[in-house]
S.K.: 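Here it is, the structure in full.
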Amino acid sequence: MASKTAAKDIITLRGSAAIVSEFFGNPLSPILYNRAVYPEESFARVKKYGLPMLLTKDEGVKSFISNLNAQLSEWLEAGKLQRVVLVIMSMNTGEVLERWNFSIETDNEVVEKGVSREKSDKEIMREIQAIMRQIASSITYLPCLDEQCVFDVLAYTDTDVAVPFTWMESSDAKLIANPQMVKLHSFDTKIHKVNTLVSYKNDEEELDDEE
């Protein structure tokens, strides 16, 4: 009689941390490209998550993303990371124009007891693809940034986490007053769930005030 073998898609804490930390590095480039924070020629087209994507060729940004991924992975494995925020600011005034907010929900039972969860890689990839497609199309609804901009990344951790020497502790959340908000898709490894939201400066309100 023929036999059939079935395999389960097991997700461990370390595996989930690797998936999520790698994810955080990947939206940065498309966002920086779409928002024209860096010139078009500093990006290269590659295939990632089964999608065509533009990733930075800038060595400084690549090094920043690599170091970011390593630190986020450490915090994710420890169950200490709550949120990552990409902030886009005016280079001239420092005014915050956009906040890309990635909040994290962690299954604490996995962190405390070392158990694993089940979810297929394909399903996780489909969920990440949906977020990437929304980021790629964000240029259709976000206001044009008609000035030179810079970016920063904020990481929100549990209070008992020591600040690494390459980071600075900050009391400035770099918020936007009365922002417009657009909720994007989320993805879930069954250990870490990432919810995505972009908020941006509400220029229409300023126009109303002037009138």
Side-chain angles (χ1 to χ4, degrees), residues 16-17 19-38 49 53 55-56 61 64-65 67-76 78-91 94-108 124 127-145 149-159 161 163-164 167-189 191-205:
S16 177
I19 292 169
V20 177
S21 61
E22 182 185 9
F23 164 79
F24 282 132
N26 287 310
L28 294 188
S29 285
I31 291 170
L32 297 178
Y33 172 82
N34 277 351
R35 311 312 289 140
V37 177
Y38 287 86
Y49 301 122
M53 289 176 57
L55 297 186
T56 182
V61 179
F64 175 87
I65 291 174
N67 292 330
L68 175 70
N69 286 358
Q71 183 58 67
L72 295 183
S73 182
E74 182 181 320
W75 284 331
L76 286 161
K80 301 292 186 180
L81 187 62
Q82 300 172 3
R83 191 186 318 165
V84 176
V85 182
L86 170 64
V87 181
I88 298 178
M89 303 167 288
S90 164
M91 177 179 283
E95 181 184 12
V96 178
L97 305 174
E98 286 179 14
R99 296 177 92 253
W100 292 80
N101 189 323
F102 303 91
S103 61
I104 301 112
E105 300 173 24
T106 303
D107 184 335
N108 289 320
I124 295 171
E127 292 174 2
I128 293 176
Q129 284 175 338
I131 297 174
M132 292 300 183
R133 288 191 178 99
Q134 285 184 311
I135 290 172
S137 65
S138 64
I139 195 169
T140 61
Y141 59 81
L142 291 174
C144 179
L145 299 178
C149 295
V150 294
F151 80 96
D152 199 1
V153 172
L154 308 177
Y156 292 75
T157 65
D158 292 358
T159 55
V161 171
V163 178
W167 291 66
M168 291 187 300
E169 190 166 3
S170 174
S171 59
D172 182 7
K174 301 186 186 302
L175 300 175
I176 302 171
N178 301 313
Q180 294 275 28
M181 297 185 184
V182 177
K183 191 175 187 298
L184 306 183
H185 288 301
S186 62
F187 81 92
D188 190 353
T189 67
I191 296 175
H192 298 103
K193 182 178 181 181
V194 179
N195 300 298
T196 310
L197 174 78
V198 59
S199 55
Y200 55 95
K201 184 181 172 186
N202 187 353
D203 289 326
E204 291 181 5
E205 184 172 299

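Hydrogens, waters and symmetry mates play no part in the numbers below; they use all other heavy atoms, side chains included.
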S.K.: For the NZ atom of K80 and the OG1 atom of T159, what is their distance to the nearest 0.5 Å?
M.R.: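 Separation between the atoms: 8.0 Å.
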
S.K.: Just how far is it from atom CG of N195 to atom CG of D188, taken to the nearest 0.5 Å?
M.R.: 8.5 Å

S.K.: Measure the spacing between CG of L184 and CZ of R133 and express it to the nearest 0.5 Å.
M.R.: 14.0 Å

S.K.: Enter the distance from L86:CG to D152:CG here, rounded to the nearest 0.5 Å.
M.R.: 8.5 Å

S.K.: Using a strict threshold of under 4.0 Å (side-chain N to carboxylate O), is an ion pair present between K201 and E98?
M.R.: no

S.K.: Backbone N or O of T56 within a donor-acceptor pair of the S29 side chain at under 3.5 Å?
M.R.: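 Such a contact is found between S29 side chain and T56 backbone.
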
S.K.: Looking at K174, is its backbone amide N or carbonyl O close enough to the side chain of R99 to form a donor-acceptor pair, meaning the two atoms are under 3.5 Å apart?
M.R.: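 Such a contact is found between R99 side chain and K174 backbone.
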
S.K.: Any side-chain to backbone donor/acceptor pair from E105 onto V194? Under 3.5 Å, distance only.
M.R.: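 Not at all, since once roles are kept as given, no pair shorter than 3.5 Å links the two residues.
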
S.K.: Return the CE to SG distance between M91 and C149, rounded to the nearest 0.5 Å.
M.R.: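 That separation rounds to 8.0 Å.
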
S.K.: What about F102 and Y156, are their ring centers closer than 6.0 Å?
M.R.: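 No, they do not, as the ring centres are separated by 6.0 Å or more.
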
S.K.: Are Y38 and Y33 near enough that their ring centres are under 6.0 Å apart?
M.R.: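 Distance test on ring centres: not under 6.0 Å, no.
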
S.K.: Consider only side-chain N and O atoms of D158 and Q82, and report whether a donor and an acceptor are under 3.5 Å apart.
M.R.: yes

